[in-house]
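Below: one structure, written as structure tokens.
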Amino acid sequence: MTLRRLGFLTLGLFDPADPAPGHESLLQVIELGEQLGFDSAWLRHRHLQHGVSSPIAILAAASQRTSRIELGTAVTPLGWENPLRLAEDLATVDILTGGRINPGVSVGPPMNFDSVRDALYPDTADIEDFSYERVLRLVRFLRGERASTFEGTRGIEVFSSIVQPHSPGLSDRVWYGGASLRSAVWAGREGLNFLTSSVLKPEPEDGLDFARIQQQQIRAYRAAHPLGSKARVSQGLVVIPTDSATSEQKAKYSAYVEARLPRTRELQGPGMLFSPDLIGTSSQLAEQLSAHAGYQEVDEVVFALPFSFEHEDYVQILTDMAQHLGPALGWSPVSASG
């Protein structure tokens, strides 16, 4: 397929002793993405780490510094969230952006749950529902289904039974970040958009062919989705173009990719399979991607920026993506007028 939409995903690291510069750098990267013509910018969600803990707050700030680029989360782990409160925040920021928010979510217990359960859910940890139902609750609230049994006036205050503000269309822009075949099929049946990334959870019989497994999951998702082949899927791999990189940058990038390669040779943790990072000139990357079975199924991507790089590295990588890699894949940058 010809690449129709190009986005990028970033973690937004910062120095815990001086967090402001890291957050400002992140906002500048999003602004640069808009200037370069990217279709979307996405934030990872990191709790109790030195990365973005509140993407909604960052996206609200970005909404005032951009006018066109779509803004998403990839992903917000709903185990940390109250779906009703999250729906209010998402709808508010979607209004501020003029309808540019793409909420990407996932489910399951919070990471390191045993360490944070008493702080996060001191009274309800044992009965919290971390299943797919948490996603459906969020989607229902975004659609405008009732969140309260009361609607009317009490005293001088007026109350609504639905989330306010209501942002029409936001519920259609919810993405589910899935790693397993089960999640892919579930997201399809529920009519959600689907985010597939550089980590998958194979079935026991699948083996270790990442690209083929990803292809199977995408096909299963679309087979279950009411829209079939028109259902939206976005693939996200770590992709590092080196067209304009300095020799020092190339050496650093290569060392980063090499250090992460061993984890791709066998399953990690609870049966997770990681994709190798891709590095090279844009022509080399375009050739690798075109041969990738997972990439062959999509016409939109959200390439992940590597962790722990410097601001100037992200500028170089994004510039090469927009000016060289994207066009090599058939993509055209979005003009300033949209």
Side-chain angles (χ1 to χ4, degrees), residues 7-36 38 40-67 69-77 79-81 85-86 89-90 92-93 96-97 100-104 110-113 115-116 118-120 197-198 236 238-242 244-257 259-260 277 279 302-322:
F8 65 90
L9 168 66
T10 183
L11 186 63
L13 294 179
F14 57 84
D15 180 350
D18 187 17
H23 285 79
E24 174 59 25
S25 171
L26 173 58
L27 289 169
Q28 290 178 8
V29 163
I30 295 173
E31 288 183 278
L32 175 64
E34 173 158 289
Q35 294 163 11
L36 290 171
F38 279 86
S40 59
W42 302 68
L43 301 181
R44 279 205 166 105
H45 207 140
R46 288 292 184 265
H47 290 293
L48 304 180
Q49 294 179 266
H50 305 137
V52 175
S53 61
S54 182
I56 304 303
I58 298 294
L59 297 183
S63 76
Q64 305 305 292
R65 296 167 67 152
T66 59
S67 61
I69 194 169
E70 294 190 9
L71 305 168
T73 60
V75 289
T76 296
W80 289 80
E81 305 288 343
R85 276 292 301 116
L86 181 60
D89 287 346
L90 288 170
T92 298
V93 180
L96 291 175
T97 64
R100 291 187 279 138
I101 294 297
N102 285 258
M111 186 180 293
N112 302 319
F113 187 45
S115 301
V116 301
D118 291 340
L120 187 59
S197 68
S198 58
V238 178
V239 177
I240 309 175
T242 59
S244 65
T246 65
S247 57
E248 291 80 7
Q249 286 174 318
K250 290 178 182 177
K252 177 169 65 173
Y253 300 168
S254 295
Y256 175 88
V257 170
R260 285 158 52 94
D277 301 333
I279 185 172
V302 177
F303 289 141
L305 296 178
F307 301 155
S308 67
F309 283 11
E310 301 299 323
H311 181 82
E312 57 268 24
D313 300 328
Y314 296 134
V315 171
Q316 176 265 312
I317 292 170
L318 288 175
T319 300
D320 281 355
M321 277 187 186

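Reckoned from all heavy atoms, side chains included, excluding hydrogens, waters and symmetry mates.
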Gap separating the [atom1] atom of [X] from the [atom2] atom of [Y], nearest 0.5 angstrom:
{"X": "Lys252", "Y": "Ser308", "atom1": "NZ", "atom2": "OG", "answer": "8.0 Å"}
{"X": "Ser254", "Y": "Asp277", "atom1": "OG", "atom2": "CG", "answer": "11.0 Å"}
{"X": "Leu96", "Y": "Gln64", "atom1": "CG", "atom2": "CD", "answer": "5.5 Å"}
{"X": "Ile69", "Y": "Thr97", "atom1": "CD1", "atom2": "OG1", "answer": "12.0 Å"}
{"X": "Ile58", "Y": "Ile30", "atom1": "CD1", "atom2": "CD1", "answer": "7.0 Å"}
{"X": "Thr73", "Y": "Ile56", "atom1": "OG1", "atom2": "CD1", "answer": "6.0 Å"}

Residue pair [X] / [Y], side-chain heavy-atom distance below 4.5 Å:
{"X": "Leu11", "Y": "Gln49", "value": "no"}
{"X": "Leu43", "Y": "Thr10", "value": "yes"}
{"X": "Pro306", "Y": "Ile240", "value": "yes"}
{"X": "Leu9", "Y": "Ser197", "value": "no"}
{"X": "Leu120", "Y": "His47", "value": "no"}
{"X": "Met321", "Y": "Ile317", "value": "yes"}
{"X": "Asp313", "Y": "Tyr253", "value": "yes"}

| task | Ignoring hydrogens and angles, state whether a donor on the side chain of Gln28 or Glu24 is under 3.5 Å from an acceptor on the partner side chain. | result | yes

| request: Starting from the C-alpha separation in whole Å, work towards a yes-or-no answer on side chain to side chain contact (heavy atoms under 4.5 Å, CB included) for Leu26 and Phe14. | output: CA-CA 9 Å; Leu26 173 58; Phe14 57 84; over 6 Å; no

Taking all non-hydrogen atoms of both residues into account, name the closest pair between [X] and [Y] and its distance.
{"X": "Ser63", "Y": "Arg100", "result": "O-NH2, 3.5 Å"}
{"X": "Leu59", "Y": "Gly72", "result": "CD1-O, 4.1 Å"}
{"X": "Leu27", "Y": "Ala62", "result": "CD2-N, 3.8 Å"}
{"X": "Phe307", "Y": "Arg46", "result": "CZ-NH2, 4.5 Å"}
{"X": "Pro241", "Y": "Val239", "result": "CD-O, 3.5 Å"}
{"X": "Gly79", "Y": "Pro110", "result": "O-CG, 3.5 Å"}

Expected output: side-chain [X] to main-chain [Y] donor-acceptor under 3.5 Å:
{"X": "Thr246", "Y": "Gln249", "result": "yes"}
{"X": "Ser40", "Y": "Leu71", "result": "no"}
{"X": "His45", "Y": "Ser53", "result": "yes"}
{"X": "Ser25", "Y": "Pro21", "result": "no"}

| What pairs with Glu310 under salt bridge (charged side-chain N to carboxylate O under 4.0 Å, His left out), at least two apart in sequence or on another chain? | none

| note | For Arg44, the salt bridge (charged side-chain N to carboxylate O under 4.0 Å, His left out) test, sequence neighbours excluded, returns none

| Mind checking whether Tyr256 and Phe309 have parallel, tilted or perpendicular rings, split at 30° and 60°? | perpendicular

| Parallel, tilted or perpendicular: ring planes of Phe38 versus Phe8, cut at 30 and 60 degrees | perpendicular

| query | ring-ring contact (aromatic ring centres under 6.0 Å, His included) with Phe303: which residues, sequence neighbours excluded? | reply | none

| Of Leu318, Asp320, Val315, which is the lone residue that meets side-chain contact (heavy atoms from CB on, under 4.5 Å) with Leu36? | Leu318

